[in-house]
Amino acid sequence: MAVLDGASDRPDGQQKTPLEATATPNLDALVRRGALGSMYTVGKGIAPESDAGVFSLLGYDPLQIHLSRGVVESIGARVDCHEGDLALRAGFATVERDKLVDRRAGRNLSTEEARQLATAINSEVWLKNGTRFQFQATVGHRAVVVFKAKSHKFSSEISNFDPAYVRTGNISIAKPGAKEYDIPKCEPLDDSPEAVKSAALVNEFGFKTRQVLDSHPVNLQRRAQRKKPANFVLMRDAGTTEPTVQGFRDKWVLKAAMIADLPAELGIGALLGMDVREIPPGTSLEDYRKRAELVLRLAGEYDFVYVHLKGPDEPGHDGLYDLKKQRIEEIDGGFFSHLRQATKLQRTVLCVTCDHSTPWKDKGHSDDPVPVLVAGGSMKTDGSSRFTETNARSGRFERLERGSLLLPLLKQIAA
């Protein structure tokens, strides 16, 4: 299963989507071997985060399980997180006066810059009641924070300290991007003392990090270079306990491997007991070629191989149509060119899909269905020629109302 993160878009009849407008001869060749369909990755009307989308593609229903991206990312980032600790996905952002003007600090914060800022946060932020925490930068603007329980009792029933994702039941739902937001405030979602205290702690931490970050040498230099400062920390998807889920091998009777580069996917793979293969982030032809070579090696050792290809999602969030096309083209030339030529995949069921749509005009995840390609096994070709949103809706493969139904179908096709 090759998952093109956020590659899917929304056809509007006026301008081709990036998938429609990009030349993808290698992916097209694979499409001609199989059939296309479409799918809501979590459910109709839900614009999911990546973690919920991936979890669903692996055959689990995120609406029934509190996955807690904070806990999952702490696992993926190898941050010490014990039962009762409060873990949240975090990220560096830019604020000006009383407005949040960039949720990703210009998306050009280097991992080294982020690590320097994280060191300052860990050494200079002091919380009331002596609450200890660990803040760890991961990749680029991304980070994880874990507040240590000790004598404290925390609750995950708190709102997101990030206006672009709203807690709804067990998952967060993405909202369309905006030019700027009010600075967020975390609120308790129930009346328990633990939720009230946890929300207050997140607010305290968020505003105290601003005091430390605003005048940090990294940000003074970024301003001098006319870059947006990383002077604020957003947090979302709180969790206090590791999700209780059946392991992937026990559930699906498949020996499985996960290839990914970011903590969310790495954490999901580890949580499900998959053999996790971490590969450095990158979007060059060479980066995608390395992923293809690893897929081909693992295909002979495992019953199921999942590979996550991050490239198209970020330019979708940033509203960069041409760059989103370029990322798709790079995946085709670096990744699918090698899969297309591989003889061993002629005996393998190949699935290509997306974990969600990220329309470049919306600058955020949406609830639009994503294309699904299935080739090999008992799947017959349906005459499709291109992996696009419109073609997927006219293909002969299933129309799935939720992504958790996909893996059982793939097993039947492979049988």
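As a basis for the values below, the full set of heavy atoms in this structure was taken, side chains included, without hydrogen atoms, waters or symmetry mates. Just so it is clear, the model here is predicted, and its values are computed rather than measured.
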Taking all atoms of both residues into account, what is the closest heavy-atom pair of [X] and [Y], and its distance?
X    : Y    : value
S56  : P62  : CB-CD, 4.0 Å
R222 : A230 : NE-N, 4.2 Å
L406 : L57  : CD2-CD2, 4.2 Å
R103 : A93  : O-CB, 3.7 Å
K363 : D318 : CE-O, 4.0 Å

Is [X] salt-bridged to [Y], cutoff N-O under 4.0 Å?
X    : Y    : answer
R327 : E330 : yes
E73  : R142 : no
E113 : K227 : no
K310 : D261 : no
D162 : R89  : no
K148 : D85  : yes

Side-chain donor/acceptor of [X] to backbone N/O of [Y], under 3.5 Å:
X    : Y    : result
K290 : I279 : no
T353 : P371 : yes
N122 : F135 : yes
D382 : L36  : yes
D332 : I328 : no

[X] vs [Y] side-chain heavy atoms within contact, under 4.5 Å:
X    : Y    : value
Y321 : P18  : yes
S357 : E389 : no
D287 : S284 : yes
L67  : N170 : no
L254 : K411 : yes

* To do: Apply the ring pair (Phe, Tyr, Trp, His ring centres under 6.0 Å) test between F161 and each candidate in Y181, F205, F232; give the one that qualifies.
  =>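 By the ring pair (Phe, Tyr, Trp, His ring centres under 6.0 Å) criterion, F161 pairs with just one of Y181, F205, F232: F232.
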Relative to each other, are the rings of [X] and [Y] parallel, tilted or perpendicular (30° and 60° limits)?
X    : Y    : result
W252 : F248 : tilted
H365 : H317 : tilted
Y306 : F304 : tilted

* **CZ/R402: more than 12 non-hydrogen atoms of other groups inside 6.0 Å** =>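 Atom CZ in R402 is not packed in, count stays at 12 or less.
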Enter the distance from [X]:[atom1] to [Y]:[atom2] here, rounded to the nearest 0.5 Å.
X    : Y    : atom1 : atom2 : result
L373 : S384 : CG    : OG    : 8.5 Å
T358 : D313 : OG1   : CG    : 4.0 Å
L58  : E265 : CG    : CD    : 10.0 Å
L109 : D102 : CG    : CG    : 10.5 Å

* Asked: Hey, which of D5, T41, D368 is the one that makes side-chain hydrogen bond (donor to acceptor under 3.5 Å, both in side chains) with H356?
  ->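 Passing option: D5.
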